[in-house]
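Report on one structure; see the data block that follows.
One is the number of the first residue; the rest follow in order along the sequence.
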Amino acid sequence: MRTIREIHEDELDELIRITVEAFPGMKVESRADRDRMRERLAKVMNEPIVHFFGVFEGAAMIGVMRCYDFTMKLRETRALVGGLGGVAVDLRHKKEHVAADMVRFYLDYYRQKGAALTALYPFRPDFYHRMGFGYGVKMNRYSFRPDALPAAGVGAVVDYLTADDRDDLAACYERFLARTTGLIELPPHMLDALFDDTSARIVGYRQNGALRGYLVFRFEAAPGENWLTNNIQLRTLIYDDAAALLALLGFLRKQADQAGRIIYETQDETFHYLLDDPRDDSGNLLAGLWHQANTQGLGIMYRVIDAARLWAVLGDHDFGGVTLRMRLDLTDTFFPENAGSYLINVSEGRATLGSGTADVELGMDIADFSSLVVGAVDFERLQAYGRVNLSDAGMANVVNRFFAAGRRPWCLTHF
């Protein structure tokens, strides 16, 4: 009989075996590697927001996953969002629907906890899209010379941050979160891990004694045989305002004598406006004379798991100031208790569930709806692609204004 339950600390060795065999690229090969992994996971297991689950056939563990009780900035609201990570299946039990059973358990687990939304990083986007997860925004990988950055902040004073600056860094991140949709509140163990990472450098900019911005970077060897040539891997860039941003970029610009390129992976699709020369190091031309400035990839995906509760979660959000009665028909084949028809009453931008007749009817799949509600895609694009059914084409502008998010969702939390 197959069961799913939380894993105990004395079962971590089996969890590690399944995980390492499923992901050999982790390079956990020696006994010492496994001991270090076990020590790290034992600490994470004690975090109140993290839950380790295993799938068991009788007494045998055949699959594992981690669930995270995140708080995410969803448009203008902070909401419980269930995160999923560490999904791995014993090599001997592939193609037995173990992963699908874990995902179903995970969705139900967070629906019972009161969440309306979940999120994950997919090992394959198509696999999770078929399960109703919608695409988030793309990650942009920029590769540019340090001297392509603006020189305006070169004279600003910056300094390294240490664990003594932990609270200041957390407060700076919190201010950034308050004005950025999609960000997840920084869990304490992830904040601690940032300062425990000996390969990471954290640089901060202060104004009148207050930390106004910080960045996290690593050096990495540049391709070739010259050990004096390195690149900078810019991992995180958080700032209060343009002055703080320019100060941090000024610090990076000054590294031109040591770093050949800065590699920056960000969801900011307009970052190239900051660069004097936005071209990457590929030399590629696209469609004739379009210079390659970055490459892109799909990552985080979102899924609405309680379409009824969603409107209560977003009760204080202004949906474009519109007034209408919209019937929303959602298809959800993987998690059918979430499917159905919902009458949304909208009065001057405030949406609540109701009943009765509708001014317009809208039908779509849960994956596209999930992307739409977090702001990763505009309604007008989904309509242009034939991904939605709208009963009255004359209402398209009103519906588009209703769903418009203003900003795309960013996520800086890896899980």
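Using a 3.5 Å distance cut-off with no hydrogens or angles, the side chains of His8 and Glu11 do not pair a donor with an acceptor. For the residue pair Arg325 / Thr357, no side-chain donor-acceptor distance below 3.5 Å is found, with atom types taken as modelled. Using modelled atom types, one finds a donor on one side chain and an acceptor on the other under 3.5 Å when comparing Tyr110 with Asp69. Using modelled atom types, one finds a donor on one side chain and an acceptor on the other under 3.5 Å when comparing Asp268 with Thr270. Judged by distance alone, the side chains of Gln292 and Asp280 do bring a donor and an acceptor atom under 3.5 Å apart.
Between Val216 and Leu234 there is no side-chain heavy-atom pair separated by less than 4.5 Å. Side chains of Leu412 and Gln267 form a contact here, defined as non-hydrogen atoms less than 4.5 Å apart. Side-chain contact check for His272 versus Asn294: every heavy-atom pair is 4.5 Å or farther apart. Inter-residue side-chain proximity for Tyr173 and Leu177 is flagged as met; some heavy-atom pair is nearer than 4.5 Å. Between Ile300 and Leu120, every side-chain heavy-atom pair lies at or beyond the 4.5 Å cut-off. Side-chain contact between Lys73 and Trp410 is absent, with no heavy-atom pair separated by less than 4.5 Å. Contact of the Val81 side chain with the Thr71 side chain is not registered, since no non-hydrogen atoms from C-beta on lie closer than 4.5 Å.
The line from OG1 of Thr180 to CZ of Arg175 is 12.0 Å long, rounded to the nearest 0.5 Å. Rounded to the nearest 0.5 angstrom, Met364 CE and Gln383 CD are separated by 10.5 Å. Put simply, OG on Ser370 and CE on Met301 are 9.0 Å apart, with the number rounded to the nearest 0.5 Å. Atom CG of Leu314 and atom CD of Glu76 lie 10.0 Å apart (nearest 0.5 Å). The distance from the CG atom of Leu194 to the CG atom of Asp192 is 9.5 Å, given to the nearest 0.5 Å. In this structure, the separation between CG on Leu298 and NE2 on His129 is 10.0 Å, given to the nearest 0.5 Å.
Between Asp240 and Arg212 there is a salt bridge, with a side-chain nitrogen of the basic residue lying less than 4.0 Å from a carboxylate oxygen of the acidic one. Using a 4.0 Å cut-off between charged side-chain N and carboxylate O, Arg235 and Glu265 make a salt bridge. The pair Lys113-Asp108 does not meet the salt-bridge criterion, since no charged nitrogen lies less than 4.0 angstrom from a carboxylate oxygen. For Glu269 and Lys138, the salt-bridge test fails: no basic side-chain N is under 4.0 Å from an acidic carboxylate O.
With sequence neighbours excluded, the residues forming a salt bridge (charged side-chain N to carboxylate O under 4.0 Å, His left out) with Arg206 are Asp165, Asp168, listed by chain and number. Applying the salt bridge (charged side-chain N to carboxylate O under 4.0 Å, His left out) criterion to Asp329, with sequence neighbours excluded, gives no partner residue. Scanning for ring-ring contact (aromatic ring centres under 6.0 Å, His included) contacts around Tyr205 gives an empty result, with sequence neighbours left out. Listed by chain and residue number, nothing satisfies the ring-ring contact (aromatic ring centres under 6.0 Å, His included) test with Tyr342 (two or more places apart in sequence, or in another chain). Remark: Asp101 pairs with Arg2, Arg104 by the salt bridge (charged side-chain N to carboxylate O under 4.0 Å, His left out) rule, at least two apart or across chains. Applying the salt bridge (charged side-chain N to carboxylate O under 4.0 Å, His left out) criterion to Glu21, with sequence neighbours excluded, gives Arg17.
A donor-acceptor contact shorter than 3.5 Å links the side chain of Asp318 to the backbone of Gly321. Using a distance-only test at 3.5 Å, with no hydrogens or angles considered, no donor-acceptor pair links the side chain of Arg166 to the main chain of Phe195.
Between Phe271 and Tyr264, the ring-plane angle classifies as perpendicular under the 30° and 60° cut-offs. Between Phe369 and Trp311, the ring planes are tilted. Angles from 30° to 60° get that label.
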*Which is it for His317 and Phe319 under the ring pair (Phe, Tyr, Trp, His ring centres under 6.0 Å) test, yes or no, and what are the steps along the way?*
CA-CA 6 Å; His317 176 69; Phe319 286 92; 4.6 Å; yes
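Atom NE2 of His97 has 12 or fewer heavy atoms from other residues, nucleotides or ligands within 6.0 Å. The environment of CZ in Arg75 is crowded: more than 12 heavy-atom neighbours from other residues, nucleotides or ligands sit within 6.0 Å. With a 6.0 Å radius and a threshold of 12 heavy atoms from other residues, nucleotides or ligands, Arg218 has its CZ atom above the threshold. Around atom CG of Asp10, more than 12 heavy atoms belonging to other residues, nucleotides or ligands sit under 6.0 Å away.
Note that Arg261 lies outside the cation-pi zone of Phe144, set by a 6.0 Å cut-off to the ring centre and a 45° limit from the axis.
Across all their heavy atoms, Val313 and Thr77 have their closest contact at O-CG2, 3.2 Å. The nearest pair of heavy atoms linking Leu74 to Thr181 is C-OG1, 4.0 Å. Between Leu249 and Leu274 the shortest heavy-atom distance is CD1-CD1, 3.9 Å. Heavy-atom minimum distance, Met65 versus Val87: CB-CG2, 4.0 Å. Listed here is the closest heavy atom pair of Gly354 and Asn345: CA-ND2, 3.4 Å. Across all non-hydrogen atoms, the minimal contact from Tyr121 to Gly299 is CD2-C, 4.2 Å.
Checked options Tyr106, Tyr68, Phe105; the residue passing with Phe53 is Phe105 (criterion: ring-ring contact (aromatic ring centres under 6.0 Å, His included)).
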